[in-house]
2 protein chains.
Amino acid sequence: MQQAAARFADYLSRNRLRMTRERRVILEQVLAVGKHFDVDDLLVHMRNGGLRASRATLYRTLAHLVDSGMVHKVEMAKGQARYEPMLGRHHHDHLVCLKCGEIIEFESPEVERIQEEVCRRKRFTMTGHTHQIRGYCRRCSSR
Amino acid sequence: MQQAAARFADYLSRNRLRMTRERRVILEQVLAVGKHFDVDDLLVHMRNGGLRASRATLYRTLAHLVDSGMVHKVEMAKGQARYEPMLGRHHHDHLVCLKCGEIIEFESPEVERIQEEVCRRKRFTMTGHTHQIRGYCRRCSSR
DNA sequence: CCCATAATTGAGACTGAGTTTCAGTCTACG
DNA sequence: CGTAGACTGAAACTCAGTCTCAATTATGGG
């Protein structure tokens with residue numbers, strides 16, 4: 001947390017942005033909710049803790065956190081975005097359960113390698129990717 | 001086209017749905033615009049041809065075409081959906097140029113294989129997936 | 001061939017996620 | 001400190017897509 005705050009502060013100052021109370025609170029809460037939350041989860045979590053920030057500020061701050069690389073944005077179908085803190089975590093992709101909404105992570109260096117190969121072949125400069133597998137998790141499948 | 005119409009008619013009757021003028025026109029236009037269009041492309045294309053259907057009907061009919069497997073829906077970031085006819089075409093994924101919007105297709109049986117392997121390991125029943133690589137196409141990269 | 005029934009349509013209201021605006025507030029450099 | 005310029009919240013707005021409902025139309029049975 002100390003470290004995260006420092007890193008965010010660093011990002012902010014490098015971009016002539018300011019460390020405000022709202023940004024401090026939001027960073028702290030993002031770390032507290034843990035992985036795979038959406039803006040409403042965060043809002044509820046904050047209110048439960050007696051804290052608040054407007055939706056607009058939440059979106060604005062999340063954008064900065066994403067920009068700084070401290071948080072990843074995961075685009076789900078129909079434009080519902082979820083976020084996950086990436087503090088020293090590895091890149092990974094997701095299995096998404098269509099029934100219960102569970103999100104399971106997976107990583108595959110092999111897929112990464114193939115992606116790079118594909119880009120090389122197509123002369124494409126990759127800046128990012130999304131790889132999502134949809135279906136039913138173990139629990140939901142068996143019912 | 002004949003074939004496509006027959007296939008759609010078949011899908012409709014199997015689902016107690018009706019073959020209306022609007023649906024006929026939309027199917028025809030979907031095939032005419034070719035690959036990777038969004039709803040506005042389709043609407044414009046139709047108006048240029050002196051044809052029309054309401055937005056609501058367009059969305060409803062596209063949903064049926066997707067359901068019948070004749071068209072695939074490609075979810076882009078921020079909930080902008082694009083569609084592509086799949087008449088006897090192979091499954092594939094996409095490279096998306098962030099600058100000019102070009103969409104390049106790629107397929108990788110190897111990735112498919114890995115996906116299945118991942119699902120097996122996680123006891124996950126896959127019903128579909130999205131695999132998109134974002135970046136800059138050859139032309140946009142070199143500028 | 002015609003009718004009744006149920007599906008379909010279009011216009012426009014509505015939704016939900018996210019963005020923008022703008023006046024008042026606050027941060028932090030000098 | 002003071003102040004330029006960044007930040008914030010409320011509310012208006014945008015955008016893609018969905019829903020409602022009254023009027024229209026396809027279709028299967030007689």
Side-chain angles (χ1 to χ4, degrees), chain A residues 5-6 8-30 36-44 46-47 50-68 71-83 101 130, chain B residues 5-6 8-30 36-44 46-47 50-68 71-83 101 130:
Chain A
F8 193 34
D10 184 53
Y11 163 83
L12 291 173
S13 82
R14 266 186 293 106
N15 289 276
R16 278 201 223 77
L17 300 172
R18 290 167 183 180
M19 176 56 93
T20 62
R21 182 165 28 73
E22 287 79 4
R23 288 180 180 165
R24 242 187 298 271
V25 167
I26 291 169
L27 171 59
E28 173 199 314
Q29 295 298 301
V30 161
H36 303 136
F37 60 89
D38 64 21
V39 170
D40 276 320
D41 295 337
L42 191 55
L43 219 44
V44 167
M46 286 178 68
R47 288 210 217 290
L51 302 163
R52 70 179 309 286
S54 69
R55 235 160 237 284
T57 298
L58 229 50
Y59 280 109
R60 288 188 279 230
T61 302
L62 283 168
H64 286 310
L65 287 168
V66 168
D67 198 48
S68 75
V71 167
H72 268 204
K73 182 174 182 177
V74 186
E75 308 267 6
M76 314 292 281
K78 287 216 191 168
Q80 291 131 17
R82 302 187 73 80
Y83 297 85
T130 304
Chain B
F8 193 34
D10 184 53
Y11 163 84
L12 291 173
S13 81
R14 267 184 294 107
N15 289 278
R16 278 201 223 76
L17 299 172
R18 291 167 182 179
M19 177 54 95
T20 63
R21 182 164 30 72
E22 286 79 3
R23 289 181 179 163
R24 243 186 298 270
V25 166
I26 291 169
L27 170 58
E28 173 199 315
Q29 294 298 302
V30 161
H36 303 135
F37 60 89
D38 64 21
V39 170
D40 276 320
D41 294 337
L42 190 55
L43 219 46
V44 168
M46 286 178 69
R47 287 210 217 290
L51 302 163
R52 70 178 308 285
S54 70
R55 234 160 240 283
T57 298
L58 230 50
Y59 280 110
R60 288 187 280 231
T61 301
L62 282 168
H64 286 310
L65 286 168
V66 168
D67 198 48
S68 75
V71 167
H72 268 204
K73 183 174 181 176
V74 186
E75 307 267 6
M76 313 293 282
K78 289 220 193 165
Q80 291 132 17
R82 302 187 73 79
Y83 297 84
T130 305

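Proteins get letters first, then strands, A, B, ... in listed order; numbering begins at 1 in each.
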**Study point:** B/E22, nearest nucleotide to its side chain (from C/dA6, D/dT8, C/dT9)
**Key:** C/dT9
Point to revise | Heavy-atom side-chain contact between B/L51 and B/E22 under 4.5 Å | key: no
Check your understanding: With respect to the side chain of A/R18, which nucleotide from D/dA10, D/dA4, C/dT9 is positioned closest?
Key -> D/dA4
Exercise for review: Scan B/R55 against the nucleic acid and name what it touches under 4.0 Å (heavy atoms): base, sugar-phosphate only, or nothing.
Suggested key: nothing
Check your understanding: In whole Å, what is the span from the CD1 atom of B/I26 to the C1' atom of C/dT8?
Key -> 11 Å
Practice item. Among the candidates D/dG9, C/dA6, D/dT8, find the nucleotide nearest to the side-chain atoms of A/S54. Key: D/dG9
Exercise for review: Identify which nucleotide among C/dG18, C/dT20, C/dC26 has an atom closest to any side-chain atom of A/R60, counting heavy atoms from C-beta outward.
Suggested key: C/dT20
Exercise for review: Identify which nucleotide among D/dA16, C/dT8, D/dC7 has an atom closest to any side-chain atom of A/L17, counting heavy atoms from C-beta outward.
Suggested key: D/dC7
Review point. Got a salt bridge between B/K73 and B/D38, using NZ or NE/NH1/NH2 to carboxylate O under 4.0 Å?
Key: no
Revision key, fill the gap. Quick note, B/A81 side chain, CB onward, closest among D/dA6, C/dA17, D/dG17 is D/dG17
Point to revise | Listed nucleotide nearest any side-chain atom of A/A56, set D/dA11, D/dC19, C/dT9 | key: D/dA11
**Study point:** Residue met sooner reading DNA chain C from 5', once B/M19 and A/K73 are mapped to nucleotides
**Key:** B/M19
Check your understanding: CZ/B/R23 to CZ/B/R60 distance, rounded to the nearest 0.5 angstrom?
Key -> 8.5 Å
Point to revise | Distance, rounded to the nearest Å, where B/L12 contributes CG and C/dA7 contributes P | key: 13 Å
